[in-house]
Amino acid sequence: MDRRKLNIKKIKALPTMNAYLDKKYGKEDTPERAEFHAKATAYYYGELIRETRKEKNLTQEALAQKIGKDRAYIARIEQGKTDLQVSNFILLLNALGLNFNISN
C-alpha cells in the first residue's frame, strides 16, 4: 500500500477554481466569462436531457416527435449548441415525464 504523505504546502499553492476560470475565460462580469457560462449551462442541460432520454429508452427522433420538433433540434440541444428557450425546455421536461417547479 502506497502511503505517501500529503504535501500541504503544495496543496495550498494550487490555484482556486475561480482563479483558473479567471485566467482561462476572463474575470467575472466580462463578456468572455459570460460566454463561457452560457456554453457551460447549455452543455449541462444538454447532458441532463440526453441522460434522461436514454433512461426512458427514447431516441432523439421519438423525443422530437413528442414535442413537435425535428431530430436535429434535439441533437443540437444535447450537444449544447443551441439556446434552449424556457417554453421548449418545459415541453422537453413534460415529454420526458419530469416536472418543472419554481420555488424560492
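Count residues from 1 along the sequence. Because the structure is a prediction, the values reported are computed rather than measured.
Partners of K39 under the salt bridge (charged side-chain N to carboxylate O under 4.0 Å, His left out) rule, at least two apart in sequence or in another chain, are E35. Partners of N7 by side-chain contact (heavy atoms from CB on, under 4.5 Å), not counting sequence neighbours, listed by chain and number: K9, K10. Judged as a side-chain contact (heavy atoms from CB on, under 4.5 Å), and not counting sequence neighbours, E55 has no contacts. Considering only residues two or more places apart in sequence or on other chains, A34 meets the side-chain contact (heavy atoms from CB on, under 4.5 Å) condition with none of them.
Pairs passing the ring pair (Phe, Tyr, Trp, His ring centres under 6.0 Å) check and including a residue from residues 27-54, sequence neighbours excluded, read Y25-F36, Y45-F89. Applying the side chain to side chain donor-acceptor pair (under 3.5 Å) test to every pair with at least one member in residues 15-24, sequence neighbours left out, gives these pairs: D22-R33. The stretch residues 50-78 participates, sequence neighbours left out, in no ring pair (Phe, Tyr, Trp, His ring centres under 6.0 Å) pair at all. Here salt bridge (charged side-chain N to carboxylate O under 4.0 Å, His left out) pairs that include residues 58-75, with residues two or more places apart or in two chains, number zero. Annotation: salt bridge (charged side-chain N to carboxylate O under 4.0 Å, His left out) contacts involving residues 91-104, sequence neighbours excluded, are absent. Annotation: side chain to side chain donor-acceptor pair (under 3.5 Å) contacts involving residues 91-102, sequence neighbours excluded, are absent. The salt bridge (charged side-chain N to carboxylate O under 4.0 Å, His left out) contacts involving residues 72-88 comprise R50-E78, R53-E78, where partners must be two or more places apart or lie in separate chains.
Interatomic distance, CG of L96 versus NZ of K54, reported as 13.5 Å (0.5 Å rounding).
Two residues are said to be in side-chain contact when any heavy atoms from C-beta on lie closer than 4.5 Å; I67 and N88 fail this criterion. L92 places none of its side-chain heavy atoms less than 4.5 Å from the side chain of L98.
Other members of the cluster containing L14 do not exist, because no ILVMFWY side chain is joined to it at under 4.5 Å.
Within the 3.5 Å criterion, the main-chain N or O of I49 finds no donor-acceptor partner in the side chain of T52.
The hydrophobic clustering, which links ILVMFWY residues whose side-chain heavy atoms are closer than 4.5 Å, places V86 and I77 together.
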